[in-house]
Amino acid sequence: MKTALITGATSGIGKSTAIEFAKHNINLILCGRRQDRLITLQKELSTSVNVHVLCFDVSDKEMVFSAIESLPEEFSQIDILINNAGNAHGLGPIETGTVEDWDAMIDINVKGLLYVSKAVIPKMIAQQSGHIINIGSIAGKEVYPNGNVYCASKHAVDAINKGMQVDLNQYGIRVGAIHPGLVETEFSNVRFKGDNLKANSVYKGFDPLTPYDIADIIAFVVTRPYHINIADLIVFPTAQANSTIVNKSL
Ligand code: NDP
Ligand code: 8X3
């Protein structure tokens with residue numbers, strides 16, 4: 001049986017991926033900051049697979065390395081890494097953006113992804129196998145009004161994904177990115193700092209993607225035969241054409 005480490009497993013895409021992986025008999029290392037949610041999900045999924053929880057902030061490098069070093073023997077081999085933890089903090093023009101929001105997005109979405117990868121990649125090199133999936137975004141392919149630093153952080157994820165593909169090729173490690181468009185999760189609640197009315201309005205008037213849609217695709221990607229690497233995928237709801245065009249009349 002394979003083991004997957006999923007960051008951001010307390011909510012949205014990461015949580016749905018954990019549920020989907022359990023259906024595919026993949027053992028799980030569930031990561032996030034909200035321990036109560038990790039424990040609840042562990043209880044739910046432990047009936048079908050082995051589940052270990054690691055509670056840490058991806059932007060705290062000491063926490064990242066000590067958490068991953070603390071893994072018990074039965075979870076020490078990591079076959080699949082889902083670099084998913086991340087969020088947008090704020091949506092507004094660059095001239096009114098706050099340094100705190102910029103720090104959060106760069107520290108979590110970019111540096112956090114790097115810290116977790118740095119802790120896991122040596123295990124995959126030792127195994128001469130592994131599969132890393134980086135969750136990017138359409139914001140990593142386009143820059144939309146008011147998206148500035150979030151878009152920058154996801155463009156960085158896109159570049160890191162390509163860099164990993166090049167550098168880890170010699171070790172037989174698969175690397176790919178999935179770039180979703182609009183997925184209804186807690187993402188907009190975080191972006192709008194708890195203004196749930198504003199958050200919900202983002203997904204009104206069309207059928208957005210659900211986190212299960214993305215989890216289903218991630219499960220498809222990781223269950224391909226080992227000679228297949230799905231390198232880069234953009235996934236939109238049918239109503240979405242790009243970052244700014246969403247058809248709300250369907
Ligand atoms: P959610 O807000 O529902 O989930 C975000 C997850 O990231 C949570 O589990 C959260 O866990 C975790 N997380 C956030 N900050 C940290 C941190 N500092 N340390 C550890 N974990 C953290 O959003 P989504 O599921 O939508 O987002 C998942 C990924 O998908 C993100 O990278 C996002 O950028 C990307 N994405 C989302 C899209 C969307 O429309 N929803 C579209 C494209 C990409 P906790 O708070 O418990 O730490
Ligand atoms: C999340 C999707 O369009 O809000 O990455 O940036 S978007």
Side-chain angles (χ1 to χ4, degrees), residues 5-19 30-41 53-61 63-64 67-68 82-91 101 103-113 115-116 133-158 160-161 177-194 196 198-199 201-203 206 208-215 217-218 233-237 239-246:
L5 185 149
I6 304 174
T7 66
T10 57
S11 170
I13 294 169
K15 180 180 175 183
S16 296
T17 302
I19 293 167
L30 305 177
C31 309
R33 291 167 301 179
R34 287 170 287 184
Q35 185 150 24
D36 52 335
R37 290 190 181 203
L38 291 173
I39 302 289
T40 304
L41 191 58
V53 304
L54 291 177
C55 187
F56 63 87
D57 183 331
V58 294
S59 68
D60 180 331
K61 55 176 174 280
M63 278 183 100
V64 171
I68 293 173
I82 309 293
N83 271 326
N84 165 73
N87 277 115
H89 294 264
L91 177 72
D101 283 346
D103 281 345
M105 290 185 277
I106 301 298
D107 289 350
I108 299 167
N109 303 355
V110 184
K111 291 165 74 179
L113 181 148
Y115 299 153
V116 174
I133 296 189
N134 296 306
I135 304 299
S137 169
I138 189 57
K141 300 287 189 181
E142 300 172 19
V143 178
Y144 52 83
N146 301 321
N148 44 69
V149 178
Y150 177 66
C151 294
S153 75
K154 289 299 184 176
H155 274 70
V157 172
D158 192 36
I160 292 164
N161 180 65
I178 298 178
H179 304 278
L182 290 156
V183 190
E184 190 167 11
T185 62
E186 293 177 15
F187 176 85
S188 289
N189 306 80
V190 175
R191 170 171 255 174
F192 297 120
K193 304 174 194 301
N196 295 339
K198 206 167 172 182
S201 73
V202 173
Y203 309 104
F206 72 104
L209 294 169
T210 71
Y212 299 100
D213 297 328
I214 301 299
I217 290 165
I218 295 172
L233 268 184
I234 295 176
V235 186
F236 284 138
Q240 184 171 14
N242 60 28
S243 287
T244 50
I245 299 176
V246 180

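Atoms within each ligand, like the ligands themselves, are counted from 1 in listed order. The first residue of the sequence shown is numbered 1, and numbering continues consecutively from there.
- With respect to atom 6 (O) of ligand 2, the closest heavy atom belonging to the protein is Y144 OH, 2.5 Å.
- The ligand atoms of ligand 1 that sit less than 4.0 angstrom from a heavy atom of V183 are 39 (C), 40 (O), 41 (N).
- Summarising the geometry of A139 relative to Y150, their closest heavy-atom pair is CB-CE2, 3.6 Å, with the distance given to 0.1 Å.
- Remark: K61 NZ is loosely packed, at most 12 non-hydrogen atoms of other residues, nucleotides or ligands lying under 6.0 Å away.
- We find the CD1-CE distance between I68 and M63 to be 11.5 Å, quoted to the nearest 0.5 Å.
- The part of I108 lying near ligand 1 is the side chain, judged by heavy-atom distances below 4.0 Å.
- In terms of protein heavy-atom proximity, atom 4 (O) of ligand 2 is closest to R191 NH1, 3.3 Å.
- Of all the atoms in ligand 2, the ones that sit under 4.0 Å from a non-hydrogen atom of F187 are 1 (C), 4 (O), 5 (O).
- For the atom pair L182 CG and S188 OG, the distance stands at 7.5 Å (nearest 0.5 Å).
- Here the protein heavy atom with the shortest distance to atom 2 (O) of ligand 1 is N87 ND2, 3.0 Å.
- Remark: minimum distance from atom 31 (C) of ligand 1 to any protein heavy atom is reached at N84 O, 3.2 Å.
- K154 does not count as a contact of ligand 2, since none of its heavy atoms falls under 4.0 Å from the ligand.
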- request: For salt bridge (charged side-chain N to carboxylate O under 4.0 Å, His left out), just list the numbers for D101 and K193, CA-CA rounded to whole Å, side-chain angles, deciding distance to a tenth of an Å, and then say yes or no.
  value: CA-CA 11 Å; D101 283 346; K193 304 174 194 301; 2.7 Å; yes
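- Looking at P211 and K15, their side chains never come closer than 4.5 Å, going by heavy atoms from C-beta outward.
- Of the N or O atoms in V58, one or more lie within a sub-3.5 Å distance of an N or O in ligand 1.
- The nearest heavy-atom contact from the protein to atom 3 (O) of ligand 1 is S11 OG, 2.5 Å.
- Between atom 42 (C) of ligand 1 and the options G181, S137, G86, the minimum heavy-atom separation is to G181.
- Between S59 and ligand 1, no N or O atom pair is found at a separation short of 3.5 Å.
- Within ligand 1, the atoms closer than 4.0 Å to a non-hydrogen atom of I13 are 25 (O), 30 (O), numbered from 1 in the order shown.
- The two residues N189 and A199 have their closest heavy-atom pair at N-CB, 3.6 Å.
- Residue F236 does not touch ligand 1, judged by heavy-atom distances below 4.0 Å.
- The single protein non-hydrogen atom nearest to atom 34 (O) of ligand 1 is Y150 OH, 2.7 Å, given as residue, atom name and distance.
- Atom 18 (N) of ligand 1 has its closest protein heavy atom at D57 OD1, 2.8 Å.
- Taking the centre of each ring, Y115 and F56 stay at or above the 6.0 Å mark.
- Between I160 and L113, the shortest heavy-atom contact is CG2-CD2, 4.0 Å.
- Expressed to the nearest 0.5 Å, how far CG of N242 lies from CD of E142 amounts to 4.5 Å.
- Residue A139 places no heavy atom under 4.0 Å from ligand 1.
- Counting all heavy atoms, side chain and backbone alike, L41 lies closest to A18 at CD2-CB, 4.1 Å.
- Close contacts between ligand 1 and G12 involve ligand atoms 3 (O), 25 (O) [criterion: under 4.0 Å to a heavy atom].
- In terms of protein heavy atoms, atom 44 (C) of ligand 1 is closest to G136 O, 3.1 Å.
- The protein heavy atom nearest to atom 17 (C) of ligand 1 is R33 NE, 3.4 Å.
- Atom CE of M105 sits about 9.5 Å away from atom SG of C151, to the nearest 0.5 Å.
- Against a heavy-atom cut-off of under 4.0 Å, A139 is close to the following atoms of ligand 2: 6 (O).
- Between I218 and I178, some side-chain heavy-atom pair lies under the 4.5 Å cut-off.
- Separation of atoms CG (L5) and CG (L54) is listed at 6.5 Å; rounding is to 0.5 Å.
- Heavy atoms of K154 found under 4.0 angstrom from ligand 1 belong exclusively to the side chain.
- Residue contacts with ligand 2: Q240 is placed with no nitrogen or oxygen under 3.5 Å of a nitrogen or oxygen of the ligand (distance criterion only).
- Under a 4.0 Å criterion applied to the non-hydrogen atoms of F56, ligand 1 contributes the atoms 19 (N), 20 (C).
- Of the polar atoms of G14, none of the N or O atoms is found under 3.5 Å from an N or O of ligand 1, judged by distance alone.
- Here I39 contributes atom CD1 and T10 contributes atom OG1; the two are 12.5 Å apart, rounded to the nearest 0.5 Å.
- Of all the listed residues (D36, T10, T185), T185 holds the heavy atom that lies closest to atom 26 (O) of ligand 1.
- When every heavy atom of I135 is checked against every heavy atom of P180, the shortest pair comes out as CG2-CD, 4.3 Å.
- For atom 21 (N) of ligand 1, the closest non-hydrogen atom of the protein is A85 CB, 3.6 Å.
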